[in-house]
There are 2 protein chains.
Amino acid sequence: MLKKERHDFVMKQINLHNRVLTSDLVQLLNVSEDTIRRDLQEMADDNLLYKVHGGALSKSYHSTFDDSSVYAKEAKINIAKKTTKLIKDGMVVLTGGGTTIIELVKQLPENLHATFFTISPLVAVELAKYRKVEVILIGGLFSKNSQITYGGHVISQLSEINADLCLLGTSAIHPTNGLTDTDWEINQLKKTMMSSSRKSAVLCISEKLNISLRLKVAALENITYLITELDSTDEKLVNYQIKNLKIL
Amino acid sequence: MLKKERHDFVMKQINLHNRVLTSDLVQLLNVSEDTIRRDLQEMADDNLLYKVHGGALSKSYHSTFDDSSVYAKEAKINIAKKTTKLIKDGMVVLTGGGTTIIELVKQLPENLHATFFTISPLVAVELAKYRKVEVILIGGLFSKNSQITYGGHVISQLSEINADLCLLGTSAIHPTNGLTDTDWEINQLKKTMMSSSRKSAVLCISEKLNISLRLKVAALENITYLITELDSTDEKLVNYQIKNLKIL
DNA sequence: CGGTTTTTTGCGGGTTTCTGCAATATTAAT
DNA sequence: ATTAATATTGCAGAAACCCGCAAAAAACCG
């Protein structure tokens, strides 16, 4: 077997599986480990793949994880832009925290005249940049993990609010199990937020679709809008097509 | 499974949920705890995440407020260091906002075990980095100018607190007129904060000495500590040498 | 074609990396 | 203070790696 043939074979494997193991190639190609290693080394030098201990990885596969201080930012901006259409002058909006919500805030129209209640200090700071937006930060214990306020005090204040729209970032959403979460406190918060609002919108990057976690927040039927970065006709969303749930 | 693949998997989990638990990863990836810990350690060394007891947290989520443009930073750090000596384990502290206070928070000892009430979201976020500090953010209307919460709701919550120490940034201080301010809301807030605390400390860069504004917050006699970046024997402070006011 | 050069390959032996285990220390929570 | 969960450290076996060498294969050339 010629060297070129081996290289082509390796590339095929990598395009197929995104990875190869040195040991597998030894068996498949019936050559010594050293030969495989030398092959992989050369191909790495030619920028065709990433060599790692034990094998090699596809270049494209790896590059998606290079540096994303804000993960999936493009997708989140896309979601944010869709969501802004739901927010009209004069509305009272209740929001949670998370990077998706912050992205949304940054996309709001300059002259929006609305009232926002939020449990996230970072969202509050961002909202404060809009001159005509009234911001009410709901106070309470401050969670080190999720950077939001929580606890009984927050719940009781939330329950006194009557908002038009509730915006939630998502931990996980699933066709049958609905909206779920891992953290009990956050679970309670989200439930209360939803019941304090006439309508609720779930902002969800597609990676969080079809995942189910331990604690249930709400059934799909109780959500008004599901907003992802995908086109609303995308096949990944077909299982979420139920009445009363508008997919944007 | 290759090490790199594990790392990528972990990053995905973190970007999705903002945190991972060591024990979960052990199950999901089917390797020993030691391996996961070593992975997390390496990734933390590469600045990809925060490693904490029990797992790891997303880096971007702990984004700090940008302090590169803080005015008179040196002086403020000096003040901060002096102030830390007033804060002891077990104390209940009430703080306002402002860059001086944030600088103070950054100078606190790693293992401080205390409770902080604050009306500043940015201070809350900064405080949340201390594992043993309980943070309660007082909610209410959010002020666009001063980045703190204010209004009747805040006042009424403040008045229910019984703190050991109150930390105030300063607008202006004057030997005869005492602590003064321009904004009526903030004036009210500061008054309430002081009356909710046994002692109060005023953090004040020397530029704000000998200035008097319209609204009086408190007479010098009602302040416990005055902390500036100057030496306590500095001649600029001589007019503030009254009994009951300790100058640091 | 024979001889020379170049490339490729496999092998031995020493080095590094990876991973799980066990013993010990630290932390969190009560 | 006690307990259970989690971390750290050192160690050891296995796997993977690197390097130089030499045989084999291929390419080149007069």
Next on the checklist: Between the side chains of B:Asp8 and B:Lys4, is the shortest nitrogen-to-carboxylate-oxygen separation below 4.0 Å, so that they form an ion pair?
Outcome noted: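 Looking at B:Lys4 and B:Asp8, the cut-off is met.
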Checklist entry - For A:Lys51 and D:dC17, is the shortest distance between a side-chain N/O and OP1 or OP2 below 4.0 Å? => result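 So the side-chain polar atoms of A:Lys51 do come within 4.0 Å of the phosphate oxygens OP1 or OP2 of D:dC17, strictly under.
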Checklist entry - Between B:Thr35 and C:dG20, is there a side-chain N or O to OP1/OP2 distance below 4.0 Å? => result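 Answer is yes, contact under 4.0 Å.
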Checklist entry - Given the rule in the side chain to side chain donor-acceptor pair (under 3.5 Å) test, do B:Ser197 and B:Ser200 qualify, once you have shown the distances and angles that lead to the verdict? => result CA-CA 7 Å; B:Ser197 306; B:Ser200 51; over 6 Å; no
Solution key, residues 186-193 of chain A side-chain donor-acceptor pairs under 3.5 Å, sequence neighbours excluded:
residue: A:Asn187; atom: ND2; partner: A:Lys216; partner atom: O; Å: 3.0
residue: A:Lys190; atom: NZ; partner: A:Gly169; partner atom: O; Å: 3.3
residue: A:Lys190; atom: NZ; partner: A:Asp181; partner atom: OD2; Å: 2.9
residue: A:Thr192; atom: OG1; partner: A:Gln188; partner atom: O; Å: 2.8

Next on the checklist: Assess the residue pair A:Glu74 and A:Asn78 against the criterion (side chain to side chain donor-acceptor pair (under 3.5 Å)); give the C-alpha distance rounded to whole Å, side-chain angles, the decisive distance to 0.1 Å, and a yes or no.
Outcome noted: CA-CA 6 Å; A:Glu74 286 306 313; A:Asn78 191 325; over 6 Å; no
Item to check | Angle of first-five versus last-five pair axes in the helix from C:dC1-D:dG30 to C:dT30-D:dA1, to 10 degrees | outcome: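 The value is 40°.
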Mind listing the N/O atom pairs, protein and nucleotides 25-30 of chain C, below 3.5 Å?
residue: C:dA28; atom: OP1; partner: B:Arg131; partner atom: NH1; Å: 2.8

Item to check | Selection: residues 22-32 of chain B, any non-hydrogen atom under 4.0 Å of DNA chain C | outcome: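 Here the set is B:Val31, B:Ser32.
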Checklist entry - Taking only residues two or more places apart in sequence or in another chain, which ones pass side-chain contact (heavy atoms from CB on, under 4.5 Å) with A:Lys106? => result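 Once residues adjacent in sequence are excluded, the partners of A:Lys106 under the side-chain contact (heavy atoms from CB on, under 4.5 Å) criterion are A:Ile102, A:Glu103, A:Glu126.
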Next on the checklist: Nearest to the side chain of A:Lys3, heavy atoms from C-beta on, is which of D:dT6, C:dT8, C:dT19?
Outcome noted: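 My answer, after comparing the listed nucleotides, is C:dT8.
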Protein-nucleotides 10-14 of chain D N/O pairs under 3.5 Å:
none

